S.K.: 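For reference, the structure I am asking about is given below.
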Amino acid sequence: MLENIAIAIKKGEQIYDLQTAHALGIEGESVHYDNSPDALEVIRHSTAHLMAQAIKKLYPEAKFFVGPTVKEGFYYDFKVEHEIGEGDLKRIEKTMLELAKNKDEIVRIELPRKEVEAKFAGDHLKQAVMSRIVDEKLTVYKQGEFEDLCRGPHLPNTKFVRFFKLTKIAGAYLGGDSNNEMLTRIYGIAFADKESLVNYITMMEEAEKRDHRKLGNELKLFTFREEVGAGFPIWLPAGARLRSRLEQLLYKAHRKRGYEPVRGPEMLRSDLWKVSGHYQNYGENMYFTHIDELEFGVKPMNCVGHIKMYEEDLRSYRDLPIKYFEYGVVHRHEMTGALHGLFRVREFTQDDAHIFCTADQIESQVMEVMDFVDRIMKSFGFQYNMMLSTRPEKAVGEDAVWEKATTALRNAMERNGLVYKVDEGGGAFYGPKIDIKITDAIGREWQCGTVQLDFNLPERFALEYTGEENNKIQPVMIHRAILGSFERFIGILTEHYAGEFPLFVAPTQVAIVPIAESHHAYAKAIAARCIDEGIDTEIYAKNDSLNKRIRTAEKSKVPMLIVLGDEEVANNSVAVRDRRERTQYNMSLDAFITLIKEKMSEIHF
RNA sequence: GCCGGCAUAGCUCAGUUGGCUAGAGCAGCUGAUUUGUAAUCAGCAGGCCCGGGGUUCAAAUCCUCGUGCCGGCACCA
């Protein structure tokens with residue numbers, strides 16, 4: 001019944017609430033009370049207001065900043081004298097429901113700026129809001145006793161606010177500026193019907209089950225310890241096996257594309273970081289130490305080491321492009337509040353490479369990297385999109401050089417028909433970049449790989465190669481990482497696959513369950529043969545019931561499970577159990593091993 | 001770094017207004033059982049209640065300072 005009710009008017013791209021449409025005589029298409037993006041915009045905005053009304057009722061001294069809708073619902077930023085925590089959300093929700101029962105009309109009042117300024121004279125937050133608006137006429141919305149400066153659009157009546165949930169409470173800086181005071185922010189979500197709300201909550205719970213911190217712990221992939229230090233991951237055997245699989249696959253892929261493996265030192269003299277500009281531009285993220293009298297910086301990036309390798313010989317145009325790659329361990333001082341499982345750590349390993357090439361080779365090199373990226377991301381079933389980031393405020397080099405580099409990246413992308421968005425000011429301090437953002441199985445976006453074009457470091461280190469006419473020319477550097485870091489990427493993979501890794505990266509390929517002690521020897525023989533074939537196994541031979549051991553093996557999320565009894569020993573076969581299908585079938589050991597090897601070799605980058 | 005919350009056994013969690021020897025399930029160990037496809041039974045062991053300082057006759061519980069974690073903000077692979 002509710003879905004037939006119009007709650008707003010849409011004209012062109014603009015949504016007007018009924019109050020505004022009426023006041024200004026606007027006509028257009030009706031927006032009905034449903035879960036369309038337009039309707040949710042209005043519903044969520046009004047839910048935010050109802051929340052503010054409830055907060056005002058519970059905390060009369062409350063002052064409000066802004067309460068917009070966002071991709072996932074809405075929030076309202078406000079300030080109260082009381083301390084307010086997660087436990088208070090329920091109370092606020094309850095008050096909201098009570099208020100909605102009043103079925104208050106939501107009234108739009110248009111007033112001259114001066115009057116509104118006077119109305120909110122004692123409210124520094126509202127003054128802050130108004131300072132950002134240039135209009136001379138402002139609107140105030142009123143429902144019951146509560147009124148708030150707002151441009152809308154809003155529902156006609158608070159009775160339409162029914163299916164909502166307050167989800168998070170957190171601090172947020174006024175205007176998103178860390179120099180400003182901190183306000184309290186409450187996030188919430190709202191829908192036009194109960195079912196959608198329930199679905200949303202279920203989705204959230206699904207995401208929680210995939211949390212790599214939880215799965216990493218359960219599957220014993222990695223751990224963190226307070227006494228070791230925040231942000232320093234410890235890779236346990238299962239996680240290290242998974243990681244090693246990735247490393248090996250990628251090693252081959254790099255060699256195939258003409259990259260040379262190299263290895264730079266963990267610490268380099270600070271003088272070098274001064275030449276590169278890291279000392280001045282990235283120093284606050286770096287760790288420094290002294291050896292005798294000299295200051296050293298622990299590397300936050302691998303480029304300087306690779307530059308030294310380039311300098312190791314005289315280079316000719318015939319040598320270019322030179323491609324160095326390294327699983328480079330870097331340390332960065334991340335702020336405590338930024339640390340988050342494997343996604344943000346202070347020590348991580350990049351699948352890093354630097355391509356030294358001529359200006360003419362930029363486009364083909366960038367495209368080759370893009371192709372590499374495409375190959376890898378598709379293997380994991382990731383969708384991805386790209387973002388071009390331009391000169392940041394803190395940067396080295398001439399504007400003209402930046403311009404040239406940015407144009408080169410643009411051209412490379414456009415000539416090859418690649419679609420990208422632009423992030424103005426998001427580049428690295430030494431050059432513009434293209435970031436690769438992947439979308440995982442449940443639709444979340446993650447920043448992984450990056451391709452950065454750099455004219456500055458070659459300049460600063462006076463790199464050169466000999467040209468065709470025996471002249472000295474400065475090479476161009478392309479910094480690139482594809483996974484980004486093994487830490488983050490494995491975190492993403494864990495959530496993407498919900499811990500059920502495909503055969504080619506799984507820590508263990510085959511779980512072996514011998515039925516009785518008399519089958520242990522056969523199990524061990526299979527395990528030994530598997531190692532020879534590059535397959536990792538785990539034998540479940542504890543003194544537990546067969547059912548228990550199968551259950552334990554299943555819960556470990558190993559892709560293949562085989563059961564061995566008299567029959568299998570006699571026939572040199574295995575009983576394969578499919579975890580997903582819960583079916584089973586027998587095959588010869590040889591056929592089984594061939595099958596696993598085939599499945600594993602299907603993936604190569 | 002900022003705001004708010006949290007920290008009890010290897011893991012997940014109980015533990016009342018401060019009050020006896022801090023509990024449970026899973027995991028671990030020992031024994032019995034030797035199993036044909038998702039939890040066999042019994043017993044045992046396991047704790048500086050995150051760390052330092054304080055309040056109190058008495059602290060896992062209250063206060064305080066650290067450390068770490070969680071949710072956001074700000075910052076970024």
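Throughout, protein chains are lettered first and strands after them, A, B, ... in sequence-line order, and every chain is numbered starting at 1. These numbers were taken from a predicted model, which means no experiment stands behind them.
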S.K.: Taking only side-chain N and O atoms of A:R577, does any of them lie within less than 4.0 angstrom of OP1 or OP2 on B:A38?
M.R.: yes

S.K.: If you check the A:Y173 side chain, which of B:A38, B:U37, B:G1 turns out closest?
M.R.: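 Looking only at side-chain atoms, A:Y173 lies closest to B:G1.
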
S.K.: Looking at B:A27, I'd like to know if its phosphate oxygens (OP1 or OP2) sit under 4.0 Å from a side-chain N or O belonging to A:K548.
M.R.: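 Yes, such a contact exists.
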
S.K.: Looking at RNA chain B, which of residues 556-566 of chain A put a heavy atom within less than 4.0 Å of it?
M.R.: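 The stretch gives A:V563, A:G565, A:D566 as the residues lying under 4.0 Å from the strand, ordered by number.
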
S.K.: So which protein nitrogen or oxygen atoms get under 3.5 Å of nucleotides 3-5 of chain B's nitrogens or oxygens?
M.R.:
residue : atom : partner : partner atom : Å
B:C3    : O2   : A:G171  : N            : 3.1
B:G4    : OP1  : A:E83   : OE2          : 3.4

S.K.: What nucleotide among B:G36, B:A77, B:C69 has an atom nearest to a side-chain atom of A:A575?
M.R.: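 Within the option list, the nearest is B:G36.
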
S.K.: Measure the distance between the ring centre of A:F489 and the centre of the six-membered base ring of B:A77, then answer whether it is under 5.5 Å with planes under 30°.
M.R.: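 No, A:F489 does not stack on the base of B:A77, since the centre distance and plane angle fail the 5.5 Å and 30° test.
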
S.K.: Between protein and nucleic acid, restricted to nucleotides 41-45 of chain B and to nitrogen or oxygen atoms under 3.5 Å apart, what atom pairs and distances do you find?
M.R.:
none

S.K.: Measuring from the side chain of A:Q584 (C-beta onward, heavy atoms only), which nucleotide among B:U37, B:U34, B:G36 has the closest atom?
M.R.: B:U37

S.K.: Side-chain donor-acceptor pairs under 3.5 Å in residues 216-234 of chain A, sequence neighbours left out?
M.R.:
residue : atom : partner : partner atom : Å
A:E218  : OE2  : A:K214  : NZ           : 3.3
A:R225  : NH1  : A:E227  : OE2          : 2.7

S.K.: Does a nitrogen or oxygen in the side chain of A:R549 sit under 4.0 Å from OP1 or OP2 of B:A38?
M.R.: no

S.K.: Can I get a per-line list of side-chain donor-acceptor pairs under 3.5 Å for residues 324-334 of chain A, giving both atom names and the distance, sequence neighbours left out?
M.R.:
residue : atom : partner : partner atom : Å
A:Y324  : OH   : A:R315  : NH2          : 3.1
A:E326  : OE1  : A:G264  : N            : 3.4
A:E326  : OE1  : A:H306  : NE2          : 2.7
A:E326  : OE2  : A:R263  : NH1          : 3.2
A:E326  : OE2  : A:G264  : N            : 3.2
A:E326  : OE2  : A:K299  : NZ           : 3.0
A:Y327  : OH   : A:E247  : O            : 2.7
A:Y327  : OH   : A:Y251  : N            : 3.2
A:R332  : NE   : A:Y282  : OH           : 3.4
A:R332  : NE   : A:P300  : O            : 2.9
A:R332  : NH2  : A:P300  : O            : 3.1
A:H333  : ND1  : A:Y287  : OH           : 3.4
A:E334  : OE1  : A:R344  : NE           : 3.3
A:E334  : OE1  : A:R344  : NH2          : 2.7

S.K.: So what is the 5' to 3' dot-bracket string for RNA chain B, if pairs are Watson-Crick or G-U wobble with both distances under 3.5 Å, crossing pairs use [ ] and | means the partner sits on another strand?
M.R.: (((((((..((((.....[...)))).(((((.......))))).....(((((..]....))))))))))))....

S.K.: Taking only N and O in the side chain of A:Y187, is any of them less than 4.0 Å away from OP1 or OP2 of B:C73?
M.R.: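 For B:C73, OP1/OP2 do have a side-chain N/O of A:Y187 under 4.0 Å.
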
